[in-house]
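One structure below.
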Amino acid sequence: MHTQVGIIGAGPAGLLLGHLLSLKGIDSVIVENRSRDYVIERVRAGVLEQGTVDLLIQMGVGERLQREGLRHQGLYISFAGQRHHIDLADLTGGKAITVYGQNEVVKDLIDARAATGRALHFEVGHVVVHDMESNRPKITFERDGREEQVTCDFIAGCDGFHGICRPSIPEHAIKFYEREHPFGWLGILAEAAPSSEELVYTCHQRGFALFSMRSPKITRLYFQVPPEEDIDNWSDGAIWDEMLKRMSTRDGWKPNIGPVVQKGVTPMRSFVAEPMRYGRLFLAGDSAHIVPPTGAKGLNLAATDVMVLASGLAEYYTRNSTRVLDDYSEICLRRVWKAQRFSWWMTQTLHRFPGETEFDYRRQLADLDYLTGSRAAMTSLAENYVGLPLDVALA
Ligand code: FAD
Ligand code: PHB
């Protein structure tokens, strides 16, 4: 079998790329090692930048997003028992974010893929990439107990942080930049109506906490824990106790409590692979970079990567030009590093670090006091949070 672009991974990056290519008349085969249900049910990101929303609408997969997504024009930063409002729309000339679960985005994209009739294979095994340096790279995998192979013009490694594409690149051809953080997030989904219409990021003496949501009936909450924390150590009662301690404000605001329907601990990492390309293999999304979730950037970076990649591939097929493909890594990494910077800044502004002193905490409160009292500082947060523009014009 031959295809123009072989795509490994059916997360947001792989599915978005497949659909963008399909709209440009470019053929692809997507292979995914998990089941369709697993991919759809995996609970992850929830915040879409304005640019990601615009992209999904332009691609014709924004119908349910526009109906069910929750558009937020602002957010709250909470500390010392008080919430402070940041008006994202006012500070950015009308831009906003939309709360719509990553799993809903994935579901919409799988439906769109099915409607095109193009190949999307779930539950494949032993995926291996070959001959990336040649102009006929190849993917081999096992499907229904049989060995299959697809030759490609290009391969897109959209297989996430634990995938096989990045490790297939020879060590001498790639460099990694990495930082582990001394905490993780314990996250829950609860059947409780959100008690705030907008997100609340809290810096508390006991540690960071975040109030978010998925729908008018479902609340999504997180708090900072040690990175190795075992979720089994936390009963639902103990989780609510800690949430309320960190989130409740002096004006009486607190999250509504309800049955916990999902819970887990996510470690935090910052990671960048440079360059995001080896021969005819292009890395996109989490396979190339990870940011701590405090800036809500992971999914949005994946969307920008594949937008650039799809544009480069279209230019190759329509004009026989490799101009954008040659610059792919540089174009993406410029934005990726700015997202790393912002995610790191949000993380260190809002979390408590092991070994901190009272002095450090007072300085942190002063930082937050400055942030929420200065229009210049709030504008900086707002323009990064709704998403920085891509510094380059794409065809
Ligand atoms: P992924 O979503 O990881 O998709 C990769 C796909 O490749 C997966 O479906 C995987 O099964 C498949 N795959 C892996 N190996 C192979 C293989 N060998 N062969 C075939 N397929 C393979 N971001 C935010 O902005 N906000 C958040 O709150 C947030 N929370 C997160 C919570 C968790 C637990 C995790 C892990 C991530 C979170 N992120 C969050 C990050 C965000 O979810 C990712 O940035 C986003 O999923 C990236 O999409 P992707 O398609 O690049 O990678
Ligand atoms: C979420 O709703 O899951 C969410 C929101 C904002 C973040 C991270 C996660 O920064």
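Count residues from 1 along the sequence. Counting starts at 1 for both ligands and their atoms, in listed order.
- Taking the six-membered ring where tryptophan is involved, the planes of His181 and Trp344 are essentially parallel, since the angle between them stays under 30° and well short of 60°.
- Two rings, from Phe183 and His351, have their centers less than 6.0 Å apart.
- By the 4.5 Å side-chain criterion applied to Ile, Leu, Val, Met, Phe, Trp and Tyr, Leu189 is assigned to a cluster that also includes Val43, Ile218, Val261.
- Taking the ring centre of Tyr385 as origin, the terminal cationic atom of Lys95 falls outside the region bounded by 6.0 Å and 45° from the ring axis.
- For the pair Arg34 and Tyr38, the cation-pi test (distance below 6.0 Å, angle within 45°) is passed.
- Less than 6.0 angstrom separates the ring centroid of Tyr177 from the ring centroid of Trp337.
- Remark: aromatic rings of Phe282 and Tyr328 are close, center separation under 6.0 Å.
- Side chains of Asp27 and Thr3: a donor on one and an acceptor on the other come within 3.5 Å.
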Between the protein and ligand 1, are there any N or O atom pairs that come within less than 3.5 Å of each other, and if so, what are their names and distances?
from: ligand 1; atom 1: 2 (O); to: Arg44; atom 2: NH1; distance (Å): 2.9
from: ligand 1; atom 1: 3 (O); to: Arg44; atom 2: NH1; distance (Å): 3.0
from: ligand 1; atom 1: 9 (O); to: Glu32; atom 2: OE1; distance (Å): 2.6
from: ligand 1; atom 1: 9 (O); to: Glu32; atom 2: OE2; distance (Å): 3.3
from: ligand 1; atom 1: 9 (O); to: Arg42; atom 2: NH2; distance (Å): 2.7
from: ligand 1; atom 1: 11 (O); to: Glu32; atom 2: OE2; distance (Å): 2.6
from: ligand 1; atom 1: 11 (O); to: Asn33; atom 2: OD1; distance (Å): 3.4
from: ligand 1; atom 1: 21 (N); to: Asn33; atom 2: N; distance (Å): 3.3
from: ligand 1; atom 1: 25 (O); to: Lys297; atom 2: N; distance (Å): 3.4
from: ligand 1; atom 1: 25 (O); to: Gly298; atom 2: N; distance (Å): 3.2
from: ligand 1; atom 1: 43 (O); to: Gln102; atom 2: OE1; distance (Å): 2.7
from: ligand 1; atom 1: 45 (O); to: Asp286; atom 2: OD1; distance (Å): 2.7
from: ligand 1; atom 1: 45 (O); to: Asp286; atom 2: OD2; distance (Å): 3.4
from: ligand 1; atom 1: 45 (O); to: Gly298; atom 2: O; distance (Å): 3.4
from: ligand 1; atom 1: 45 (O); to: Leu299; atom 2: N; distance (Å): 3.4
from: ligand 1; atom 1: 47 (O); to: Arg44; atom 2: NH1; distance (Å): 3.1
from: ligand 1; atom 1: 47 (O); to: Gln102; atom 2: NE2; distance (Å): 2.7
from: ligand 1; atom 1: 51 (O); to: Pro12; atom 2: N; distance (Å): 3.2
from: ligand 1; atom 1: 51 (O); to: Ala13; atom 2: N; distance (Å): 2.9
from: ligand 1; atom 1: 52 (O); to: Asp286; atom 2: N; distance (Å): 2.9

Per-pair distances, 0.1 Å, donor-acceptor, side chain in residues 161-174, under 3.5 Å, sequence neighbours excluded:
from: Arg166; atom 1: NH1; to: Phe161; atom 2: O; distance (Å): 3.4
from: Arg166; atom 1: NH1; to: Ser287; atom 2: O; distance (Å): 2.7
from: Arg166; atom 1: NH2; to: Phe161; atom 2: O; distance (Å): 3.1
from: Ser168; atom 1: OG; to: Ile164; atom 2: O; distance (Å): 2.5

For ligand 2, list all ligand N or O to protein N or O distances below 3.5 Å, rounded to 0.1 Å.
from: ligand 2; atom 1: 2 (O); to: Ser212; atom 2: OG; distance (Å): 2.6
from: ligand 2; atom 1: 2 (O); to: Arg214; atom 2: NH1; distance (Å): 2.8
from: ligand 2; atom 1: 3 (O); to: Arg214; atom 2: NH2; distance (Å): 2.8
from: ligand 2; atom 1: 3 (O); to: Tyr222; atom 2: OH; distance (Å): 2.6
from: ligand 2; atom 1: 10 (O); to: Tyr201; atom 2: OH; distance (Å): 2.7
from: ligand 2; atom 1: 10 (O); to: Pro293; atom 2: O; distance (Å): 2.8
from: ligand 2; atom 1: 10 (O); to: Thr294; atom 2: O; distance (Å): 3.4

